[in-house]
Amino acid sequence: MNAARAPRRVWFVSVLLLLAAPGLLSGGLAQKAETAPGKKTSAPALTRPAGITGALAGVYQATRTASLRIEDCAPVTEDPDCKDPNGVGSGVLISADGNVLTAYHVVFNSSRLEAVTLDKKRYPLTVVGFDETQDLALLKINIAGAPFVPLTPGVPRVGQTALAIGNSGGKFLQPKVGKLLALDAAAGRADFPAGTLQLDAPLAPGDSGGPILNDAGQLIGITSYIRLKPTARTEGLSANASYAAYTATLETTSYAVPVTAGSALLARLQGGLKREAPIVGISTASELTDGLTAKFFSSLGLGSRVGFVFNSVVKGGPADLAGLRPLKVTAKDSRDVPTRATGDVITAIDGQAVTNYDEFLAAVRSHEVGDKVTLTVYRDGAAKPLSISLTLAPRTISLGQSRP
């Protein structure tokens, strides 16, 4: 393995931890898949999966051939056979001419994508379109007469059983079953897609981008993210409990981007839409994202106005070019607790008040890449705000392209 390569990742349903502080890991987790499919040419025997009965067992057998393992491969010069993928996700064929749906975060920042089919054959993937804000991407695979899953013509029902197929836990195109809990779920964070299907299937890292199917074998959604919530068992864990023991006590709720045969978003992706979420080019520590009070700001000499603060800027990004100043501690007490700081406190975007990370991000994402916005900023506790204008930039999407 080339030492210059990025750490390998197992892509997953982006995890939102409802704990003491936000624990967002959107895109990938430093974790190695337990196994990777080889290059056999014959399809494995289809056996009835444990715990899946009735119509869904037949749906699984019929639709597994249209499901894919998606791998982010290193350049051909480094790993020609993609034996050591940087990331693993899932996808599904939706047409005989090779259209593939997956989650956008499976595609993001990838330079070479390959699909592995049920018969363990490999195919290169190209990107047709994507919408980062909806976490959906349309890819193309060169398979003549490809097996595919039809899209549902109608809206699913709360309470109906759904089947997910994915590649979590190092397994290959395995099923998970759950019930639909809601049809238009709120994400709870601006950096997760809203209006999703909510279900109780226990999805996990590696399932991102995989199909969610009804009992008629129709596609109703694409796996996007999960929410992990502590339970009574979590509270009862000892302080020495392992991470595995801790995660085993958490309640999992899964979310999928809804897809129907008449989807306007799918039509735009088929037309080549490539929509990235706009960014300002700043980042912040998790402890600064929420729950900050006026006392916090005044104790550091930053004034009494509650707003959004950040501790770094992306070099050459909009914030850097506009001269925004990150939070910088200038004095600490004998216990190493910060007592004074300098930096900018953002309190509004185009007049829309923001008091924390999520409000700031929601305000930014209400705009498009290339839009010019005006930030209201209090600098170093000044009595009057500054008005700072900047032009929103896209996040980088590789796949042979280079963006600023």
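- Summarising the geometry, atom CG belonging to Asp79 is positioned 7.0 Å from atom SG belonging to Cys73; distances are rounded to the nearest 0.5 Å.
- The closest donor-acceptor contact from the side chain of Arg268 to the backbone of Gly129 lies at 3.5 Å or more, if one exists at all.
- Using a distance-only test at 3.5 Å, with no hydrogens or angles considered, a donor-acceptor pair links the side chain of Arg227 to the main chain of Ala187.
- Leu139 is listed as a side-chain neighbour of Ile70, based on a closest heavy-atom distance under 4.5 Å.
- Minimum interatomic distance between Ser90 and Gly166 (heavy atoms only, all atoms of both residues): OG-CA, 3.4 Å.
- At a threshold of 4.5 Å between non-hydrogen side-chain atoms, the residues Ile346 and Val280 do not count as touching.
- In terms of heavy-atom proximity, Ala190 sits nearest to Asp358 at N-OD1, 2.7 Å.
- A side-chain donor-acceptor contact under 3.5 Å links Thr133 and Arg275.
- Judged by distance alone, with hydrogens and angles left aside, the side-chain atoms of Thr339 form a donor-acceptor pair with the main-chain N or O of Ala331 at under 3.5 Å.
- Although no hydrogens or angles enter the test, the distance criterion places no donor-acceptor pair under 3.5 Å between the side chain of Arg305 and the main chain of Ala294.
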>> Between Ile279 and Val364, does the side-chain contact (heavy atoms from CB on, under 4.5 Å) criterion hold? Intermediate values first, please.
In response: CA-CA 7 Å; Ile279 64 164; Val364 170; 5.7 Å; no
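- Remark: side-chain polar atoms of Ser254 are paired, donor with acceptor, to backbone N or O of Ala201 under 3.5 angstrom.
- At least one side-chain heavy atom of Arg69 sits under 4.5 Å from a side-chain heavy atom of Phe172.
- The CG atom of Leu197 sits 9.0 Å away from the CD atom of Gln160 when rounded to the nearest 0.5 Å.
- With respect to the salt-bridge test (charged N to carboxylate O, under 4.0 angstrom), the residues Arg122 and Glu71 qualify.
- Considering all non-hydrogen atoms of both residues, Ala363 and Val354 come closest at CB-CG1, 4.2 Å.
- Atoms OG1 and NZ, on Thr374 and Lys372 in that order, are 8.0 Å from each other to the nearest 0.5 Å.
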> Can you list the steps and then say if Thr161 with Lys179 is a side-chain hydrogen bond (donor to acceptor under 3.5 Å, both in side chains)?
Replying inline: CA-CA 4 Å; Thr161 304; Lys179 288 190 179 298; 3.2 Å; yes
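- Put simply, the side chain of Asp119 gets close to the backbone of Lys121: a donor and an acceptor are under 3.5 Å apart.
- The only option from Asp135, Leu138, Leu113 that meets the side chain to side chain contact (heavy atoms under 4.5 Å, CB included) definition with Val107 turns out to be Leu113.
- Heavy atoms only, all atoms of each residue included: Val257 and Gln134 are closest at CG2-O, 3.1 Å.
- Taking the side chain as every heavy atom from C-beta outward, His367 and Val373 approach each other to under 4.5 Å.
- Tyr357 is not listed as a side-chain neighbour of Asp290, based on a closest heavy-atom distance of 4.5 Å or more.
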> Given the rule in the side-chain contact (heavy atoms from CB on, under 4.5 Å) test, do Asn142 and Tyr123 qualify, once you have shown the distances and angles that lead to the verdict?
Replying inline: CA-CA 7 Å; Asn142 187 20; Tyr123 298 87; 5.6 Å; no
>> Using the rule given for salt bridge (charged side-chain N to carboxylate O under 4.0 Å, His left out), can you reason through Asp131 versus Lys274, listing the C-alpha separation, both sets of side-chain angles and the distance that settles it, and then say yes or no?
In response: CA-CA 6 Å; Asp131 188 332; Lys274 291 185 169 71; over 6 Å; no
>> Does Leu151 form a side-chain contact (heavy atoms from CB on, under 4.5 Å) with Ile94? I'd like the steps, not just the answer.
In response: CA-CA 7 Å; Leu151 278 63; Ile94 61 167; 3.8 Å; yes
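- A donor-acceptor contact shorter than 3.5 Å is absent between the side chain of Ser263 and the backbone of Val259.
- A 4.5 Å side-chain heavy-atom check between Arg112 and Val76 finds at least one atom pair inside the cut-off.
- For Ala216, the side chain to side chain contact (heavy atoms under 4.5 Å, CB included) partners two or more places apart in sequence, or in a different chain, are Asn214, Gln218.
- Within 6.0 Å of CG in Asp350 there are more than 12 heavy atoms belonging to other residues, nucleotides or ligands.
- Separation of atoms CG (Leu273) and CG (Leu265) is listed at 7.0 Å; rounding is to 0.5 Å.
- Within the model, atoms OG of Ser95 and CZ of Phe148 stand 7.0 Å from one another, a figure rounded to the nearest 0.5 Å.
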> Step by step, would you call Leu219 with Thr152 a side-chain contact (heavy atoms from CB on, under 4.5 Å)?
Replying inline: CA-CA 6 Å; Leu219 184 71; Thr152 180; over 6 Å; no
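- Atom NZ of residue Lys171 and atom CG of residue Asp207 lie 10.5 Å apart, to the nearest 0.5 angstrom.
- Counting heavy atoms from C-beta outward, Val369 and Pro278 have side chains that approach closer than 4.5 Å.
- Taking 4.5 Å as the limit, every side-chain heavy atom of Tyr255 sits out of range of all side-chain heavy atoms of Pro193.
- Nearest heavy atoms, Ala66 versus Val149: CB-CG2, 3.7 Å.
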Cut-off 3.5 Å, no hydrogens considered: what does the side-chain donor-acceptor table look like for residues 306-328, sequence neighbours left out?
residue: Ser312; atom: OG; partner: Ser283; partner atom: OG; Å: 2.4
residue: Asp320; atom: OD2; partner: Gly316; partner atom: N; Å: 2.7

>> Show, in sequence, the C-alpha distance, side-chain angles and deciding distance for Ser168 and Lys176, and conclude whether the side-chain hydrogen bond (donor to acceptor under 3.5 Å, both in side chains) test is met.
In response: CA-CA 10 Å; Ser168 62; Lys176 293 179 181 177; 2.9 Å; yes
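- The closest donor-acceptor contact from the side chain of Thr289 to the backbone of Ala285 lies at 3.5 Å or more, if one exists at all.
- The two residues Leu183 and Arg157 have their closest heavy-atom pair at CD2-C, 4.3 Å.
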